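See below for the structure under consideration.
Atoms considered below: every heavy atom in the structure, side chains included; atoms not considered: hydrogens, waters and symmetry mates. Note that the coordinates shown come from a computational prediction; the quantities given were computed from them, not determined experimentally. Chain identifiers are assigned alphabetically (A, B, ...) following the order of the sequence lines, protein sequences preceding nucleic acid strands; residue numbering begins at 1 within each chain.
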2 protein chains.
Amino acid sequence: MENMQALTHAQQRVLDHLIERQREGHDAPSLDELCSELGLASRGSLHKHITALIDAGLVAPMDGKQRGVRLTSTALDDGSVPLLGRIAAGRPIEAISGHERIAVPPHLRGRGECYALKVRGDSMIDAGILDGDTVLIEPRDNARNGEVVVALIDGENATLKRLYRRSGEIELHSENQNFPVQRYTPARVQIQGALVGLMRRY
Amino acid sequence: MENMQALTHAQQRVLDHLIERQREGHDAPSLDELCSELGLASRGSLHKHITALIDAGLVAPMDGKQRGVRLTSTALDDGSVPLLGRIAAGRPIEAISGHERIAVPPHLRGRGECYALKVRGDSMIDAGILDGDTVLIEPRDNARNGEVVVALIDGENATLKRLYRRSGEIELHSENQNFPVQRYTPARVQIQGALVGLMRRY
DNA sequence: GTCACAGGAGAACGAAACGAGAACAACGAT
DNA sequence: ATCGTTGTTCTCGTTTCGTTCTCCTGTGAC
């Protein structure tokens, strides 16, 4: 946040590799291991980059400890995901106070970043999405036919619905017989993300 | 949480081996046994690592006792849970090969130990439990009225059903109109666990 | 061209990790 | 009592590792 000067090419490459490593569950490496993984022949060069990353606050300082190369929480993926709010049919997303986060097992997440929403209401009950469930949303602006998406209508109302494209129109299906199918012109519907996972506690 | 300094390589290796051992049901080893299993030649070195793990709170202190190497509960709790098999209506649980485990966020777990099952079939679809979902089961031999349980009928068939007690009988409801309600005498129904969580990937 | 700079190679040093081995005390079985 | 096993503690040498240093090379700006 404070020392926000851009990283050089090589520093970025080291950081990317560290993040990749951690995502795959490897433990903290030694400098020699990192060297061979990065195709370097000298620890000294690598050490320069790591100290630069420490100065940038992206890597935790390793005070002489062996295998001390660890990512800082900012760059670190601790398996949690921001819980942004509640979503229901026909209302905008209700923001949840503060910056709450919720733990999510890796296999429920998509590839990239995603966020969580609490479901309010029974509008998707026939899709097995109940009131109180937590859904994981991968931010996207497009979706395949039949995917469940967070759709923003007229820039106002965000809802969780199953999306179909039919002859120039967009159909948003509530999976609940009591709710009618909604049809809109593509211009009115903006896709904000797609459903990639669900968690429920009993 | 308190003394959370990273373990060294060798310490981690010892800890991993101990966890593996315990998960496979072996009893507590002696230092010599551990040495040969780990490929070490000296008890002294191993003992140093074990005391380090004790300091880290991952192994219970063995005050001179023989075969006193026991793991702390925190060491065993890596946020994963055994994935025991698949469950469907009317068939016994299909064991899944090996000792597979699956990561589960802490808030989905009940208080104690629990395990995971993959759901096969649509018999609980109206309860929002779909084919392919992963359910978290807390082992118990009793349940409150209306809870979803893993019930073993006549010691043979395990199913996931909603349980009600009605006038001396036990009713097992499939949450699917196509499946009839099953009624049994209490003697024929054995409760194996209760549903505490659910995960689904899209 | 000169200059600055990013990037890498390699050597050297001190500290820590690691494992071997020996020695000793406590304990159990024979 | 005696012997073997086990936990514990110690020293010692080797390896690994982080750190620092100097030196070399390419590149872009001036």
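- Each of C/dG19, C/dG8, C/dA9 was ranked by its minimum atom distance to the side chain of A/His49; first place goes to C/dG8.
- Side chain of B/Thr8, nearest nucleotide from C/dA9, D/dG18, C/dA17: C/dA17.
- In this structure, A/Ile50 places its CD1 atom 12 Å from P of C/dG8, rounding to the nearest Å.
- Judged by distance alone, with hydrogens and angles left aside, B/Lys48 brings a side-chain donor or acceptor within reach of the base of C/dG19, the pair sitting under 3.5 Å.
- Remark: the A/Ser42 side chain and the C/dG10 base include a donor-acceptor N/O pair separated by less than 3.5 Å.
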Practice prompt. May I have the step-by-step check of salt bridge (Lys or Arg N to Asp or Glu O under 4.0 Å) for B/Arg140 and B/Glu147, ending in yes or no?
Written response: CA-CA 12 Å; B/Arg140 290 207 236 124; B/Glu147 271 191 308; 3.2 Å; yes
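- Within the structure, a side-chain polar atom (N or O) of A/Ser30 is placed less than 4.0 Å from OP1 or OP2 of D/dC17.
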Discussion item. Does A/Leu18 form a side-chain contact (heavy atoms from CB on, under 4.5 Å) with A/Leu34? I'd like the steps, not just the answer.
Written reply: CA-CA 9 Å; A/Leu18 285 174; A/Leu34 276 185; 3.9 Å; yes
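- The residue A/Leu40 sits close only to the backbone: its heavy atoms come under 4.0 Å of sugar-phosphate atoms, none of a base.
- Residue order along DNA chain D, read from the 5' end via each residue's closest nucleotide, puts B/Thr51 first among B/Thr51 and A/Glu33.
- OP1 and OP2 of D/dT6 both lie 4.0 Å or more from every side-chain N or O belonging to B/His47.
- Out of C/dA23, C/dA9, D/dG18, the shortest distance to the side chain of A/Ser45 is found at C/dA9.
- Minimum atom distance to the side chain of B/Ala41 is reached by C/dA20, of the listed D/dG18, D/dT8, C/dA20.
- Atom CG in B/Asp32 sits roughly 12 Å away from atom P in C/dA20 (whole-Å rounding).
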